Visitor: 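Below is the structure I would like to discuss, written out as structure tokens.
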Amino acid sequence: MQPVGRAPHVDYLGALPSTKATRPRIPSIVYFGTLIFSRVLFAQRDGSRLVRPEPITMAIKFKDLSPEEQQDYRDRMRHSAAHVLAEAVTKLFPESQLTIGPPIKDGFYYDFAVPEPFTPDDLKKIELEMRESIRANTEFVERKVSRDEALELVKDNPYKIEILEGIPADEQVTFCSHANGTFEDLCRGGHMERTGDIKAYKLLSAAGAYWRGDEKNAMLQRIYGTAWESRDAQKEYLKLREEAEKRDHRKLGRALGLYFFDPIAPASPFFLPKGTVVLNQMIDYVKELYVKYGYDEVMTPQIFNTELWKRSGHYDNYRESMYFIDVDDREFGVKPMNCPAAAMVYLAESHSYRDLPMRLADFGRLHRNERSGVTQGLFRVRSMVQDDAHIFCTFDQIGTEIDSFLQMLSESSQVFGFDNYRFELSLRPEKRVGTDEMWDRAEAVLTEVMDGTGREYTVASGEGAFYGPKIDQFVPDALGREWQLGTVQLDFSLPERFDLEYTAEDGTRQRPVVIHRAMYGSLERFLGVLVEHLSGAFPLWLAPVQAVVVPIADRHNDFCHEVGTGLKEAGLRVEVNDSNDRMNAKIRQAQLQKVPYMLVVGDREVDAGSVAVRTRAGKDLGAKPVGDVVDMLLKQVADRS
RNA sequence: GCCAACGUAGCUCAGUGGUAGAGCAGCUGUUUCGUAAACAGCAGGUCGACAGUUCAAUCCUGUCCGUUGGCUCCA
């Protein structure tokens, strides 16, 4: 393979116009694919005179880079950009101390210990300084030194010392320098050859970040940037980000009249009639699945005596994020989770193995006093509803229950058009309840079930809940940030704390296992992700308004209202736009509201008893008898297509 | 909770140390129109809240509240 980022091998396809031709300039673009022919301009010298550049055709051979090689290339470039950033910051802010600067998805960051946080103006200055360094096109030079020698070199930087102290004394470490050796930084290694190999870069933002990701540590100042192999690639990336910002569910929620927020109830959405339609459709759909998969639904209180939360362990673990109310000298807690209530329901009757598995769904509203900095639109709220259910079963039933849930989850994800999700299997954390034997068995079952689905998943060791291992489904939002939606979690703790039992076949008393599970997770979060996926263009079955009837002139209004009434009686959500706007404006309004169908009525339609059907995609389906339109829409709703 | 930025009409946003403007939306009227914006008029704001500086604060300073981007957390 030709090293990417260097002049590729060139085969000329014909005689050169001059034997004195200088080496042709290769466009400073790195191609990740194969480029065979290219027209290239190059200048030639005739004696001392520069002759007009002439196009020639030549073959340039690039080998395709595998995705891994592309990633490696970009990572090295972005890490190199982080070095250049560090150099610029060191120059402009001599008091700053360097820490780490890794490549990340689509870019890089560097964490600095500085006396004052960076301002947006600082970022501009730093960016200009970086440009100089890249223009100078100096070489990245790595050198290996012993760890102890390195400790001496960074003796004024406590952060680098801490890094080195984590490295065995007999190991060598890498220092990388550029700018002709005037700047040097301890790092993991992996760079471009020269600073000029960074073809496009941009600093995006600055934010505080704890040293080593621990809030007990000092807060450093992190600068985020992006870097690309070509200006075009960067432009495309920035364009995509801009487009993604337009799909922001908070903006769309406002624009489409779905929901809003108000400081009177921070981080707690108000759902308008249209947003409520969508949520209710979602709930109806889950209830259909519940019938199919054998769930029962229960309804439980909102507020419980604190005793319950002490018993469940929430009081000890999550008191800080719970809401409490004092009434008549007694303390009550607003529920942050449904599980203790589910345990109460289980305890209300005695159970035998014949009752198991018992699957109890609960759409109770939960309140969690999330820390102020973590809330975000519908993605992280303080008031929410989950499609929550608890399955009480025997240990031997865990496998089939998880398997059946994953099947239901896959069915649901498909209906909503989510295909870009991933699963994560979280295994035992250090702090946990239950015996090692229980964890061994449970983790083995989860692994076996996950393997059986044939889906890719990652394993997160140590990330399980203290009460049991879990499988989470993550789905990205418009900006690519991942959010947990579906989840299935085993719980060994709840049955113990509530002393849950069932009578086994042999008459002995046994402990059931509890499985917590949700497909949407929080309905609020799910709706947020869904809105961003669809840019607010809901499929017919979810659309708050499924069709708008558009009279062309007000002499068509009566007929339009008849059509509207007919569609409503058929169970469709319809509006008649009888305002005195022009038809074009009515169409535009419906279009902006992402209404799936517009039914236009003029003289011809009134005479024929039909409507002219226009889709949200701008397609004219022509005039159709009203009855046919009703059938068409009803079928589409029934199919959830 | 921590770091930073932001907060002006229902929405999107201008603006100034001398008490505020646009577009859209709303209301009223005119227009009756064939697939993405007809025209005119009217109305709408304790400039997030509270303190301070000042003859005078929407503007400067501080505190608080909220939002956004990160960090941390996420049962």
Side-chain angles (χ1 to χ4, degrees), chain A residues 109 111 114 116-120 122-123 204-224 245 248 250-251 254-255 257 260-267 309 312-314 316-322 335-340 366 368 370-377 379-381 386 388 463 465-468 470 472 479 481 483-484 487 489 491 493-494 516 521-522 525 550-557 579-593 598-605 612-616 618-623:
Chain A
Y109 67 77
D111 284 348
V114 278
E116 294 291 326
F118 297 112
T119 66
D122 291 339
L123 287 195
L204 298 174
S205 61
Y210 299 108
W211 166 239
R212 300 221 145 163
D214 187 335
E215 66 181 336
K216 290 196 257 331
N217 289 341
M219 175 153 282
L220 308 172
Q221 293 301 319
R222 174 173 299 178
I223 295 180
Y224 282 98
E245 278 163 21
D248 188 319
R250 289 164 303 204
K251 287 184 186 171
R254 259 268 172 235
F260 67 95
F261 290 86
D262 189 282
I264 206 71
W309 306 114
S312 69
H314 289 95
D316 289 337
N317 286 303
Y318 301 108
R319 189 179 5 179
E320 295 302 310
S321 354
M322 282 180 64
K335 70 176 166 189
M337 280 200 86
N338 288 308
C339 28
L366 310 179
R368 298 177 180 179
E370 301 279 10
R371 292 212 276 178
S372 62
V374 307
T375 61
Q376 212 199 77
F379 291 155
R380 193 84 179 268
V381 292
Q386 297 179 330
D388 201 5
E463 293 298 311
F466 71 88
Y467 48 73
K470 58 174 182 170
D472 293 319
L479 284 170
R481 299 173 294 202
W483 298 92
Q484 183 212 89
T487 185
Q489 318 182 345
D491 192 335
S493 169
L494 193 75
H516 309 253
S522 137
R525 173 182 291 181
V550 177
I552 287 177
D554 53 15
R555 63 177 176 279
H556 309 124
N557 284 359
S579 71
N580 63 355
D581 280 325
R582 287 174 57 203
M583 181 208 60
N584 280 306
K586 295 178 187 176
I587 296 221
R588 178 181 149 84
Q589 281 158 24
Q591 195 77 46
L592 291 175
Q593 287 295 303
M598 285 146 253
L599 310 176
V600 180
V601 174
D603 292 336
R604 297 198 294 269
E605 285 75 20
V613 183
R614 176 198 159 99
T615 70
R616 178 167 59 190
K619 216 166 137 192
D620 187 353
L621 301 185

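Order of the sequence lines fixes the chain letters, A, B, ..., with proteins taken first and strands second; residue numbering starts at 1 for each chain. What you see is a predicted model, and the numbers here were worked out from it, not measured in a lab.
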Visitor: Which base sits across from B/A5 as a Watson-Crick or G-U pair, both distances under 3.5 Å?
Guide: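 Pair assignment: B/A5 / B/U67.
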Visitor: Under a 3.5 Å cut-off for both distances, is B/U31 Watson-Crick or wobble paired, and to whom?
Guide: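 Base partner found: none.
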Visitor: Reading RNA chain B from 5' onward, which residue's closest nucleotide shows up sooner: A/K470 or A/M219?
Guide: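 Mapping each residue to its closest nucleotide by heavy atoms, the 5'-most match is A/M219.
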Visitor: Of all the choices, B/A38, B/G34, B/A36, which nucleotide is nearest to the side chain of A/I552 once you look at every atom?
Guide: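 Side chain of A/I552 sits closest to B/G34.
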Visitor: Please state the P separation for the pair B/A25 and B/A37 - nearest whole angstrom.
Guide: 13 Å
Visitor: Taking A/R616's backbone N and O only, do any of them form a donor-acceptor pair with A/Q591's side chain (distance below 3.5 Å, no angle check)?
Guide: yes
Visitor: Taking B/G26 as the reference, what is the distance to B/G45 when you measure between their C1' atoms (whole Å, please)?
Guide: 15 Å
Visitor: Would you say the base of B/A37 and the side-chain of A/R588 have a donor-acceptor pair closer than 3.5 Å?
Guide: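 It does, because a donor-acceptor pair links the side chain of A/R588 to the base of B/A37 below 3.5 Å.
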Visitor: Under 5.5 Å between ring centres and under 30° between planes: does that hold for A/Y467 against the base of B/A75?
Guide: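 No; by the centre-distance and plane-angle rule, A/Y467 does not count as stacking on B/A75.
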Visitor: Within the pair A/R380 and B/G69, is there a side-chain N or O less than 4.0 Å away from OP1 or OP2?
Guide: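 A/R380 to B/G69 OP1/OP2: no side-chain N or O under 4.0 Å.
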Visitor: Does a side-chain N or O from A/Q376 land closer than 4.0 Å to OP1 or OP2 of B/G69, or not?
Guide: yes
Visitor: B/G34 base to A/E605 side chain: any donor-acceptor pair below 3.5 Å?
Guide: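 Pair found.
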Visitor: Can you tell me the pairing partner of B/U54 across any strand shown, Watson-Crick or G-U wobble, with both distances under 3.5 angstrom?
Guide: none
Visitor: So, does the side chain of A/D214 form a donor-acceptor pair with the base of B/U72 at under 3.5 Å?
Guide: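 It does not, because no donor-acceptor pair links the side chain of A/D214 to the base of B/U72 below 3.5 Å.
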Visitor: Using Watson-Crick or G-U wobble geometry with both distances under 3.5 Å, which nucleotide pairs with B/U16?
Guide: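 B/U16 is unpaired by these criteria.
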Visitor: Using a heavy-atom cut-off of under 4.0 Å over every strand shown, decide if A/Y224 touches base, sugar-phosphate, or nothing.
Guide: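 Sugar-phosphate, backbone atoms only, no base.
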Visitor: Relative to the 5' end of RNA chain B, which residue comes earlier, A/F118 or A/Y210, by the nucleotide with the nearest heavy atom?
Guide: A/Y210
Visitor: Taking the side chain as C-beta and beyond, is there a heavy-atom pair between A/E605 and A/V600 under 4.5 Å?
Guide: no
Visitor: What's the closest nucleotide to the A/A207 side chain, out of B/A75, B/G70, B/A36?
Guide: B/G70
Visitor: For B/A36, which nucleotide in any strand shown is its Watson-Crick or wobble partner with both distances under 3.5 Å?
Guide: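 Its partner is none (no Watson-Crick or G-U wobble pair with both distances under 3.5 Å).
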